[in-house]
There are 2 protein chains.
Amino acid sequence: MSIADVARHAGVSPSTVSYVLSGKRSISEDTRRRVQESIRVLGYRPHAGARALASSRSNTLALVVPLRSDVHVPVAMRFAVSVVTGARDHDHDVLLLTQAEGADGLRRVAGSSMVDAIIVMDVEIDDARIPVLRELGLPAVLIGVPADTDGLACVDLDFTEAGRLCVQHLAGLGHGRLAFVGEPPAVYERRTGFAERTLAGFREAARELGVPEPAVLPCEPTRAAAERAAADLLRDHPGTTGLVVQNEAAAEPLVAALRAAGRSVPGDLSVVAIGADDVAAAVAPALSSVGLPVEELAERAVELAVRGLDDGTPAGVTLLAPTLVDRSSTAPPPRRA
Amino acid sequence: MSIADVARHAGVSPSTVSYVLSGKRSISEDTRRRVQESIRVLGYRPHAGARALASSRSNTLALVVPLRSDVHVPVAMRFAVSVVTGARDHDHDVLLLTQAEGADGLRRVAGSSMVDAIIVMDVEIDDARIPVLRELGLPAVLIGVPADTDGLACVDLDFTEAGRLCVQHLAGLGHGRLAFVGEPPAVYERRTGFAERTLAGFREAARELGVPEPAVLPCEPTRAAAERAAADLLRDHPGTTGLVVQNEAAAEPLVAALRAAGRSVPGDLSVVAIGADDVAAAVAPALSSVGLPVEELAERAVELAVRGLDDGTPAGVTLLAPTLVDRSSTAPPPRRA
DNA sequence: ATGAAAGCGCTAACAT
DNA sequence: ATGTTAGCGCTTTCAT
């Protein structure tokens with residue numbers, strides 16, 4: 001079953017079939033219909049390898065997914081699925097690479113022309129794969145923002161602004177003592193962009209608004225760690241009335257622990273989450289939160305990757321504006337007795 | 001950069017380079033070394049598409065991952081990562097498909113020769129993709145076991161035996177009243193193989209050992225649902241002393257709720273989990289459990305897929321024997337007062 | 001043990 | 001608006 005069979009069946013030349021398929025030149029309405037009918041009848045599918053060979057386009061994107069245990073897996077999975085879905089909308093497929101393959105994996109799939117572009121998740125500020133990505137000569141899109149973005153396309157939520165937004169929201173309600181429960185220590189140690197930038201925005205805004213230097217408590221993604229963080233918070237920073245949580249796994253147990261300790265949310269303590277909306281909404285009470293627009297980020301990444309194929313990599317950083325959804329976990333602080 | 005450049009550089013013919021790479025005919029030690037050196041120096045990578053075209057082998061596997069919200073995501077992700085890792089060990093790459101593409105996606109990637117074999121996760125007893133898989137003429141490996149396995153390779157944990165094993169363990173400790181907290185109702189409604197078979201084994205073994213028909217409580221993967229299940233269990237089946245939980249997300253909150261209700265585990269109630277070992281071990285107290293060997297299942301699946309390329313699909317069901325690891329959540333039942 | 005050369009199925013320049 | 005044809009880079013007979 002090849003393009004020649006279709007051509008014969010439709011009474012046209014192979015190139016005409018090719019052009020009907022690609023739309024790269026105008027075809028008479030009549031011919032187009034005949035060809036499409038032949039394709040349907042014969043059940044013809046172009047051979048991907050032959051296509052890639054002739055056109056130097058594989059119509060395949062590489063997606064590098066993180067393995068780290070400190071990355072929230074459901075969110076990573078949603079990214080991956082959204083990237084696949086977005087890629088299909090642009091007639092592309094997705095080759096799955098794990099972080100474990102590292103730079104060699106990138107060289108391999110690029111060097112053998114398996115993929116047209118590369119999308120990388122979980123980018124660190126000083127990521128070792130970045131120089132490699134530059135050498136490759138393929139469009140590369142990072143979900144995340146490293147220190148040096150030269151020649152690369154980056155997509156992310158504006159986490160700096162997200163951090164600020166949380167402070168503004170809480171300060172606007174009258175909170176004067178804030179704290180931040182964050183990602184696991186390892187995330188900060190390897191300088192993951194989003195975590196570092198969130199904290200920066202959070203601290204800046206606090207400073208600007210005259211809020212005293214807030215406590216920052218990194219937290220492992222376990223219930224036990226969240227309970228410990230709650231205990232630490234209440235013991236070491238008892239005056240805190242406004243809390244920002246950037247840790248999908250810890251949000252629910254943290255709030256539960258606070259309530260178990262007799263603090264009402266939002267009566268005594270207001271809590272704002274940063275992360276996937278459904279996670280925040282599922283907590284009791286539903287948490288006011290700055291949402292992580294996973295689907296939109298993934299779609300943008302795919303679009304940049306695919307667009308880069310024709311226009312060259314459209315380098316530059318795309319930051320999506322964060323929005324805070326007000327749910328039932330924030331209120332003015334309790335009146336001092 | 002093509003095979004011709006390497007051949008010229010090494011002073012041999014292109015076919016010799018090809019044979020050095022594939023090992024499909026003997027090459028003098030001297031020639032081999034020269035060619036490999038040239039490959040290294042030039043940084044040559046064979047063009048995947050050209051290879052696929054000439055050899056009708058893409059060295060790529062398709063992996064269909066589930067999207068369903070009732071599938072435990074971290075486990076699905078571990079499967080995916082393990083499949084990629086296993087595939088790389090066999091010099092294959094992995095193309096990621098989502099369930100959303102359905103049968104058409106399978107036809108597409110098979111028809112265009114993008115992949116040599118297909119691995120499908122989250123298989124239902126009567127899965128609509130199975131007839132398609134048979135038509136395709138590619139090796140197909142299911143992680144899971146449908147009703148009709150004719151012509152297909154299936155890999156799974158022996159969940160029937162896993163269910164029996166739990167009963168035997170509990171009955172062996174002296175428990176005479178058992179209950180089962182399972183996956184969400186939807187999982188049973190769509191007749192997911194593993195869930196149905198576990199329950200069958202569980203009930204059979206109970207019958208054989210003279211244990212009265214145990215209560216079965218399906219459970220959504222949320223804390224609230226787990227707490228409800230705990231309450232229902234204590235209210236409606238107060239005599240229960242042995243509990244089997246097959247629900248990664250519910251295990252921890254369920255046990256927590258039981259303890260919060262004043263039941264000690266394993267003092268009053270023994271609990272056995274079925275699922276990923278690390279999840280079970282992370283609960284307080286660490287749960288005795290029948291582990292789900294994710295990595296091994298994935299590796300087997302890959303191996304069957306790759307082996308099928310040369311030998312034809314080695315149809316048949318591979319069931320891994322379950323083992324129960326005794327941790328601190330099971331003990332003899334309390335003596336009747 | 002090695003080389004020469006015929007495809008694999010498609011795309012895209014070059015025709016008309 | 002359509003046809004002809006030369007590759008794309010590799011594998012694999014067929015020779016020697």
Side-chain angles (χ1 to χ4, degrees), chain A residues 1-36 38-39 42-60 91 93 108-116 309-310, chain B residues 1-36 38-39 42-60 91 93 108-116 309-310:
Chain A
M1 256 296 22
S2 85
I3 200 170
D5 300 309
V6 177
R8 210 168 303 126
H9 186 272
V12 297
S13 76
S15 61
T16 296
V17 176
S18 175
Y19 285 119
V20 165
L21 251 16
S22 70
K24 288 190 180 170
R25 81 180 179 192
S26 47
I27 301 282
S28 74
E29 197 40 41
D30 178 54
T31 304
R32 183 202 315 294
R33 242 196 293 281
R34 268 205 338 281
V35 170
Q36 278 165 342
S38 299
I39 288 175
L42 301 180
Y44 166 71
R45 311 257 186 196
H47 187 290
R51 241 179 186 180
L53 179 56
S55 67
S56 342
R57 283 286 174 87
S58 64
N59 271 38
T60 302
D91 195 33
D93 276 282
R108 186 172 56 78
V109 296
S112 56
S113 303
M114 304 189 75
V115 304
D116 299 333
L309 299 179
D310 299 316
Chain B
M1 254 298 22
S2 84
I3 199 169
D5 299 309
V6 176
R8 211 167 303 126
H9 186 272
V12 297
S13 74
S15 61
T16 297
V17 176
S18 176
Y19 284 119
V20 166
L21 251 17
S22 69
K24 288 189 180 170
R25 78 178 181 194
S26 46
I27 302 280
S28 74
E29 197 39 43
D30 177 54
T31 304
R32 183 202 315 293
R33 243 197 292 282
R34 269 206 335 282
V35 169
Q36 277 165 343
S38 299
I39 289 176
L42 301 180
Y44 166 71
R45 311 255 186 199
H47 187 291
R51 233 173 196 188
L53 180 56
S55 67
S56 338
R57 282 287 176 85
S58 64
N59 271 38
T60 301
D91 194 32
D93 276 282
R108 186 173 56 79
V109 297
S112 56
S113 305
M114 303 189 74
V115 304
D116 298 334
L309 298 178
D310 299 316

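Chain naming here is simple, since letters A, B, ... match the order of the sequence lines and numbering starts at 1 in each.
Within 4.0 Å of B:S2, counting heavy atoms only, lie sugar-phosphate atoms of the nucleic acid but no base atom. A:T31 comes within 4.0 angstrom of sugar-phosphate atoms only, judged by non-hydrogen atoms across all strands, and of no base. Contacts of B:S15 with the nucleic acid, taken as non-hydrogen atoms under 4.0 Å apart, include base atoms.
Of the side-chain N and O atoms in A:T16, one or more sit less than 4.0 angstrom from OP1 or OP2 of D:dG3. Within the structure, every side-chain polar atom (N or O) of A:Y19 is placed at least 4.0 Å from both OP1 and OP2 of C:dA13. Note on A:S28: a side-chain N or O is less than 4.0 Å away from OP1 or OP2 of D:dT2.
Judged by distance alone, the side chain of A:D93 and the main-chain N or O of A:T60 form no donor-acceptor pair under 3.5 Å.
Distances from the side chain of A:S13 to the nucleotides C:dC10, D:dC10, D:dG3 place D:dG3 closest. Nearest nucleotide to the side chain of A:S26, out of D:dA1, C:dG9, D:dC10: D:dA1. Residue A:S55 places its side chain closer to C:dT11 than to any other of D:dT2, C:dT11, C:dG3. Comparing D:dG3, C:dT11, D:dT11 by their nearest atom to the side chain of B:S18 picks out D:dT11.
With rounding to whole Å, B:Y44 atom OH is found 7 Å from D:dG9 atom C1'. Rounded to whole Å, atom P of D:dA1 lies 10 Å from atom CZ of A:R32. In this structure, CG of B:L21 is placed 12 Å from P of D:dT12, rounded to the nearest angstrom. Atom CE of A:M1 and atom C1' of C:dC8 are 14 Å apart (whole Å). Following rounding to the nearest Å, B:I3 (CD1) and D:dC10 (P) show an atom-to-atom distance of 5 Å. Whole-Å rounding puts the A:M114 CE to D:dG9 P distance at 17 Å. Between the C1' atom of D:dG3 and the CZ atom of A:R25 lies a distance of 8 Å, rounded to the nearest Å.
Residue whose closest nucleotide on DNA chain D sits further toward the 5' end, between B:L53 and B:K24: B:L53. Between B:A54 and B:V12, the one whose closest nucleotide on DNA chain C sits nearer the 5' end is B:V12.
Applying the 3.5 Å distance criterion, the base of C:dT11 shares no donor-acceptor pair with the side chain of A:R51. Taking only distance into account, the side chain of A:R8 never meets the base of D:dG3 through a donor-acceptor pair shorter than 3.5 Å.
A:S15 has its side chain within reach of A:R25: a pair of non-hydrogen atoms, C-beta onward, lies under 4.5 Å apart.
Minimum heavy-atom separation, A:S112 to A:R108: OG-O, 2.8 Å. In terms of heavy atoms, A:M1 sits closest to A:V6 at CE-CG2, 4.3 Å. Heavy atoms only, all atoms of each residue included: B:I27 and B:R32 are closest at O-NH2, 3.4 Å.
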